[in-house]
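Heavy atoms only: backbone and side chains are in, while hydrogens, waters and symmetry mates are out. Being a predicted model, the structure only gives us computed values, none of them experimental.
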Amino acid sequence: GRYEESAKKAETRKEFADTAFFKPHIMTMKDGTGTFSFTAPEQLTSWRMKLFAFTRDVKEGTLTEEAVTKKDLMVRADLPRFFREKDKGTVTAIVHNESDRQISGELFIDITENGININQKVKLEDNKKSFTIEPHSLAGFNWMIEIPQGVSVYKVRVAAVTDKLSDAEERELPVLP
């Protein structure tokens with residue numbers, strides 16, 4: 001397909017920590033200002049930042065702000081917490097258009113076990129869907145799968161690709177007895 005190679009090469013977000021940053025001791029300049037930087041987890045969401053400051057003479061200051069991590073094109077896998085052996089169910093990918101223009105492209109899903117593609121094993125048919133999404137909108141896409149016998153942890157990777165934009169996310173999907 002037109003976008004298949006781009007989907008394979010799309011940088012995949014995998015680190016989804018709940019806490020973005022914690023450093024209990026930041027030194028300030030003589031004028032009382034201070035700076036810090038951090039790498040946010042790859043979760044595309046809003047983060048509430050709380051800052052607390054104390055002087056040597058026990059004066060205090062606090063600040064609460066919101067920081068947002070986002071991209072113009074975002075895709076996320078919306079998965080159940082787990083499947084059981086021999087389950088049938090749905091895996092969903094949600095594509096967000098945060099840009100100011102309509103976007104069109106293709107969405108891909110692949111399921112792996114120990115690094116090996118198992119789309120056929122889970123009866124995932126047609127791992128590609130086309131999309132057109134209006135500005136500041138989103139769309140959901142579903143795939144039915146059948147879980148075979150055997151306890152495991154699958155990895156589900158979804159990738160959305162347009163002519164100029166791409167995003168991919170990978171999440172674990174446990175299979176329980």
State whether a side-chain donor-acceptor pair under 3.5 Å links [X] with [Y].
X: Asn97; Y: Asp72; result: no
X: His96; Y: Asp167; result: no
X: Arg157; Y: Thr112; result: no
X: Thr92; Y: Asn142; result: yes
X: Ser152; Y: Glu113; result: yes

4.5 Å side-chain heavy-atom contact, [X] and [Y]:
X: Arg76; Y: Met74; result: no
X: Gln102; Y: Glu134; result: yes
X: Val95; Y: Leu73; result: yes
X: Ile109; Y: Lys128; result: no
X: Phe82; Y: Asp87; result: no

Any idea which heavy atoms bring [X] and [Y] closest together, and the distance?
X: Val158; Y: Ala93; result: CG1-CB, 3.8 Å
X: Glu169; Y: Thr12; result: C-CG2, 3.9 Å
X: Gly89; Y: Phe83; result: CA-CE2, 3.7 Å

Inter-residue atom distance [X].[atom1] - [Y].[atom2], 0.5 Å rounding:
X: Lys71; Y: Ser166; atom1: NZ; atom2: OG; answer: 5.5 Å
X: Asp78; Y: Ile94; atom1: CG; atom2: CD1; answer: 4.5 Å
X: Ile116; Y: Lys121; atom1: CD1; atom2: NZ; answer: 9.0 Å
X: Ser99; Y: Leu165; atom1: OG; atom2: CG; answer: 7.0 Å
X: Glu98; Y: Leu138; atom1: CD; atom2: CG; answer: 8.0 Å
X: Leu124; Y: Met144; atom1: CG; atom2: CE; answer: 11.0 Å

What verdict does the side-chain contact (heavy atoms from CB on, under 4.5 Å) test give for Val175 and Val153, after you've listed the backbone C-alpha separation in whole Å, the side-chain angles of each residue and the deciding distance to 0.1 Å?
CA-CA 6 Å; Val175 177; Val153 176; over 6 Å; no

Could you walk me through whether Phe131 and Thr162 pass side-chain contact (heavy atoms from CB on, under 4.5 Å), step by step?
CA-CA 9 Å; Phe131 64 83; Thr162 71; 4.1 Å; yes

When you group the ILVMFWY residues by side-chain heavy-atom contacts below 4.5 Å and let the links chain together, are [Y] and [X] in the same group?
X: Val75; Y: Tyr3; answer: no
X: Phe52; Y: Leu63; answer: no
X: Phe108; Y: Ile118; answer: no
X: Phe141; Y: Val161; answer: no

Do the side chains of Glu146 and Lys123 get close enough for a salt bridge, i.e. N-O under 4.0 angstrom?
yes

Under 6.0 Å from the six-membered ring centre of Trp143 and within 45° of its axis: does the NZ or CZ of Lys129 meet both?
yes

Apply side-chain contact (heavy atoms from CB on, under 4.5 Å) to Lys88 and Ile147, showing your working.
CA-CA 6 Å; Lys88 291 181 183 179; Ile147 306 300; over 6 Å; no

Ignoring hydrogens and geometry, is there a side-chain-to-backbone donor-acceptor pair from Glu85 to Gly150 under 3.5 Å?
yes

Glu60 vs Thr55, side-chain contact (heavy atoms from CB on, under 4.5 Å): CA-CA, chis, key distance, verdict
CA-CA 6 Å; Glu60 66 178 67; Thr55 64; over 6 Å; no

